[in-house]
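Please read the structure below before turning to the comments.
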Amino acid sequence: MIRNILLLPILCLAIVAQAQYSEPFSTPNKGYKISCVDDFTTVNWSLSPWDPGGTCQPGDLRDANDYFNTSAGGLLESSDLDQEVCWESPLINTTTANPVSIEMDLTWAGFDVDPIAGLCEGDYIKVLYSVNGGAYTMIPNVKGGNACATIAYPFGSTPPSSDNVHINHMGIPGGSTLKIRVCVFTNVTAEIVTIDNVSVPQTGVNVGCAQPTLSTVTTQVGCSNPNSGTIDLTVSGGTPGYTYSWTGGATTQDRSGLAVGTYTVTVTDAASCSATISANITNAPTLTLTTQVLDASCNGNFDGEISLDVTGGVPGYTYDWSNDGPENPDNDPQDLVGLGVGTYTVTVTDATGCTATKSATVNVQPSGAYLEQFNLVNKGYLANYVDDFAGVAWTMSSWTPGPPFGREVNDYFKTGGGVLTGIDFDQEVCWTSPLIDLNGGTQFSVFLSWTLFDQEDYINVNYSIDGGAYVQVPNVVGGGTGTIDYPSGASDQSGNTTVTKTGLSGGTIQIQVCGNFNTESMTVDNVSIPGSNNYCPAPEPSLTKTNVSCNGGANGTITTTVTNGTAPFTYAWSDGGVTTQNRTGLSAGTYTVTVSDANMATGTASIIITQPPVIILTETHVNVLCNGASTGSIDLTVSGGTGAYSYSWTGGATTQDRSGLAAGTYTVTVSDANSCTKTLSVTITQPVAIVLTETHVNILCNGAPTGSIDLTVSGGTGAYIFLDGRCDHAGPLWPYRRHLHGDRNRCQRLHENPFHHHYTT
């Protein structure tokens with residue numbers, strides 16, 4: 001935030017007399033007169049040109065008997081115009097009146113009507129007005145019934161020989177300028193029109209300019225550039241648009257590149273009204289820096305703050321603090337928070353490149369009983385919606401802006417004069433202390449004062465022990481429900497008292513003062529906790545982990561984060577000899593770290609590193625039934641690990657189970673979701689092949705049943721089954737016998753034995 005900026009506004013305001021506009025045409029014989037004489041001297045109103053190309057002879061639009069002039073009786077009178085002639089008022093200033101009205105008296109005689117319906121070619125009177133230099137607006141028809149003019153008669157009507165009307169047209173926007181115009185058309189000598197008592201009767205209306213309103217904001221000359229002054233000119237009011245004439249010849253609205261000096265501008269608006277203003281360009285005041293420091297609560301704590309105030313120079317400013325090194329461009333904040341003990345230096349550069357440097361030192365708050373006297377100046381919710389809490393240990397609840405019930409520009413809750421002052425809250429606003437170590441203390445006190453409290457206004461003093469819910473101190477003054485609170489019917493009560501709460505116990509305390517009032521004020525001072533001390537919390541370690549991914553592995557990790565306490569920290573782990581903050585390469589188990597801070601306070605945290613269960617593979621298989629066949633199968637069961645599983649068999653298969661297998665050894669590798677693996681081999685067997693051997697005796701005599709076979713069977717899976725069959729062949733072929741043999745697995749082997757016959761010839 002930028003505070004105490006030097007601005008030099010210069011205002012020029014038009015002063016408007018409290019008057020009313022009235023024109024009785026009291027000066028006679030002015031205007032276009034008989035015998036073609038023209039005389040407009042000493043009159044405010046003006047006339048449009050009348051037959052400027054004529055010679056004022058019979059046959060011209062204007063002849064010697066035609067006129068439009070003021071009469072001795074105080075009227076504006078016309079006769080036989082033969083064209084539209086307009087009489088226009090001077091500029092009327094309505095700046096201080098809104099809305100306004102136009103009044104006048106009109107008479108006419110001998111008016112003709114339109115020769116054709118829908119035209120405006122008969123005799124007529126039009127009354128018009130212009131606001132703020134804009135287009136003219138006609139007052140609608142008030143007599144005659146022809147909408148083409150304020151006074152006009154339509155085709156086919158029979159107008160009276162003479163008539164009159166009082167016009168009172170209201171609701172015209174004011175706050176600017178006004179012109180009135182009366183236009184008349186007649187075409188014979190007997191047609192006479194009179195205008196009288198033209199007025200704008202509202203108070204604050206007068207003849208003359210509505211001057212533009214001027215104001216300036218100047219930028220003074222900075223130390224690094226003698227021609228760095230600027231003038232920002234603001235123009236309002238009058239009749240836009242504006243022209244600008246500066247001493248020296250410049251015609252722009254704003255000025256830059258100026259040296260020290262006085263510069264004057266005349267602004268002229270569209271109505272030729274003008275106003276003048278001067279602005280002084282001086283050398284900017286010296287760039288000055290001041291700081292307010294909140295020391296750190298404990299050695300090693302980073303809760304110190306530096307509040308920086310800047311005055312002089314040429315706003316805006318940039319800031320470069322020493323704690324984060326040089327930057328280009330500089331983008332450091334104006335105030336610093338979260339600081340540890342040390343000296344911090346800031347270089348401030350203004351808009352013209354001028355610089356100033358300031359150092360501030362953050363120390364440790366002295367230990368001892370807590371006493372808050374609000375010695376920092378102008379901190380809190382300030383007027384004009386400025387918020388500045390840098391450098392103060394207390395915090396505030398939010399304060400909603402906006403009328404009718406909320407924070408307005410003049411409402412505040414701020415430090416000043418060694419007290420905390422609040423005014424006109426319109427809602428409950430609370431100011432809360434930092435955390436304080438009771439250190440055996442048993443009471444606290446707060447000094448309060450208040451002014452003009454009514455029954456709905458109150459102040460509550462609350463406290464919280466060891467981070468618990470806030471407890472309100474019971475009523476001390478007024479008899480109401482709040483700590484300071486008056487009963488129904490009370491009004492305009494003022495007073496002061498010290499609120500004391502005794503009998504406290506616990507480790508830490510926070511105090512809160514809340515107020516709610518709508519025009520009244522309060523102050524807080526001398527918040528005291530005897531026997532207390534600064535709160536310097538022990539370190540609080542927290543651990544996050546990654547578990548071991550595979551059973552029996554050692555890839556677990558632990559990350560240690562420390563809050564509170566005072567750096568630097570040291571670490572001691574329960575598994576002995578390890579002093580690092582973080583851990584890697586860990587197997588499953590419980591790990592505990594003890595963290596010690598610079599004040600030898602300690603904090604402990606534990607965490608368990610887990611591992612998934614071991615992957616277990618079991619199987620049942622079916623061997624090949626018959627030698628050389630592919631009837632084997634494997635049914636694989638998987639448990640443990642971290643599902644889901646994937647399978648890789650020798651030979652390329654990726655299914656969990658296998659079938660249609662020949663004899664052999666099959667190996668599978670199972671992987672889980674963590675890429676942990678387990679391998680199993682399964683051997684599929686087969687029986688040996690069935691082997692048949694035989695000896696036989698041939699038939700001795702043709703046709704005799706004397707042959708025999710001695711069959712020997714081995715292999716296969718006994719017991720064996722024998723199927724004996726023969727095949728007889730016709731002709732000279734040798735007969736033979738076929739033997740089909742099978743084991744208990746239904747494996748078969750065929751043996752054919754031919755018989756040789758001995759033929760006797």
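Side chains are part of it too, since the values below use all heavy atoms of this structure and drop only hydrogens, waters and symmetry mates.
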**Prompt:** With sequence neighbours left out, what residues match N439 under side chain to side chain contact (heavy atoms under 4.5 Å, CB included)?
**Reply:** D437, N533
**Fill in**
So the salt bridge (Lys or Arg N to Asp or Glu O under 4.0 Å) pairs with at least one residue in residues 585-602 (sequence neighbours excluded) are none
**Item:** Residue pairs fulfilling side-chain hydrogen bond (donor to acceptor under 3.5 Å, both in side chains) with at least one residue in residues 540-554, sequence neighbours excluded
**Value:** E540-N564, K545-N547, T546-T557, N547-T610, S549-N555
**Request:** Measure the acute angle between the ring planes of F425 and F413, then classify it against the limits of 30° and 60° as parallel, tilted or perpendicular.
**Result:** tilted
**Request:** Using the disulfide bond (SG atoms under 2.5 Å apart) rule, collect all pairs that involve residues 633-664, keeping only residues at least two apart or in two chains.
**Result:** none
**Request:** Using a 4.5 Å cut-off on heavy atoms from C-beta on, say whether the side chain of V348 contacts that of T355.
**Result:** no
**Prompt:** Within the side chain of T483, is there an N or O that forms a donor-acceptor pair under 3.5 Å with the backbone of V473?
**Reply:** yes
**Message:** If we ignore hydrogens and angles and just use 3.5 Å, is the side chain of W649 paired with the main-chain N or O of D657 as donor and acceptor?
**Reply:** no
**Prompt:** What pairs with S633 under side chain to side chain contact (heavy atoms under 4.5 Å, CB included), at least two apart in sequence or on another chain?
**Reply:** V622, S659
**Request:** Start with the C-alpha distance between T602 and S596, add both sets of side-chain angles, then the distance that settles side-chain hydrogen bond (donor to acceptor under 3.5 Å, both in side chains), and finish with yes or no.
**Result:** CA-CA 4 Å; T602 62; S596 301; 5.6 Å; no
**Prompt:** Between T580 and Y571, is any pair of side-chain heavy atoms under 4.5 Å apart?
**Reply:** no
**Asked** Which residues satisfy the side chain to side chain contact (heavy atoms under 4.5 Å, CB included) test with T481, sequence neighbours excluded?
**Response** D485
**Request:** Using only heavy-atom distances, determine whether the side chains of Q472 and Y463 contain a donor-acceptor pair under 3.5 Å.
**Result:** no
**Asked** Given the rule in the side chain to side chain contact (heavy atoms under 4.5 Å, CB included) test, do Y470 and T432 qualify, once you have shown the distances and angles that lead to the verdict?
**Response** CA-CA 11 Å; Y470 278 95; T432 305; 3.3 Å; yes
**Request:** Write out all pairs satisfying salt bridge (Lys or Arg N to Asp or Glu O under 4.0 Å) with one or both partners inside residues 574-587, taking only residues at least two apart or from two chains.
**Result:** D575-R583
**Message:** Could you go through D387 and R407, starting from their C-alpha distance and side-chain angles, then the distance that decides it, and tell me whether this counts as salt bridge (Lys or Arg N to Asp or Glu O under 4.0 Å)?
**Reply:** CA-CA 12 Å; D387 303 335; R407 181 183 176 195; 2.8 Å; yes
**Taking every non-hydrogen atom, the tightest pair across W573 and T579** = CD1-N, 4.4 Å
**Request:** Heavy atoms only: give me the nearest P541-T560 pair and the separation to one decimal.
**Result:** CB-CG2, 4.4 Å
**Item:** Pairs touching residues 678-688 that satisfy side-chain hydrogen bond (donor to acceptor under 3.5 Å, both in side chains), sequence neighbours left out
**Value:** N623-T685, T665-T683, T667-S681, T669-T679
**Request:** Check the pair D320, V346 against side chain to side chain contact (heavy atoms under 4.5 Å, CB included), reporting the backbone distance first and the verdict last.
**Result:** CA-CA 5 Å; D320 186 19; V346 64; 5.8 Å; no
**Message:** I'd like to check the side chain to side chain contact (heavy atoms under 4.5 Å, CB included) partners of D303; sequence neighbours left out, ordered by chain and number.
**Reply:** A296, S297, N301
**Request:** Give a yes or no on whether the backbone of L625 and the side-chain of T631 come within a donor-acceptor separation of less than 3.5 Å.
**Result:** yes
**Message:** Quick test of your reading: applying disulfide bond (SG atoms under 2.5 Å apart), list the pairs with at least one residue in residues 531-570, sequence neighbours left out, ordered by first then second residue.
**Reply:** C298-C536, C550-C676
**Message:** Taking the side chain as everything from C-beta on, heavy atoms only, tell me whether Y381 gets closer than 4.5 Å to M396.
**Reply:** yes
**Item:** Distance-only polar pair, side chains of Q512 and N462, donor-acceptor under 3.5 Å
**Value:** yes
Let me have the donor-acceptor pairs involving side chains of residues 363-372, under 3.5 Å, with sequence neighbours excluded, atom names and distances please.
residue	atom	partner	partner atom	Å
Q365	NE2	D295	O	2.7
Y370	OH	W394	NE1	2.7
E372	OE2	F374	N	2.7

**Request:** State which residues pass salt bridge (charged side-chain N to carboxylate O under 4.0 Å, His left out) with R658; sequence neighbours excluded, sorted by chain then number.
**Result:** none
**Asked** Yes or no on side-chain hydrogen bond (donor to acceptor under 3.5 Å, both in side chains) for Y458 and E428, after CA distance, side-chain angles and deciding distance?
**Response** CA-CA 9 Å; Y458 64 82; E428 183 175 272; 2.7 Å; yes
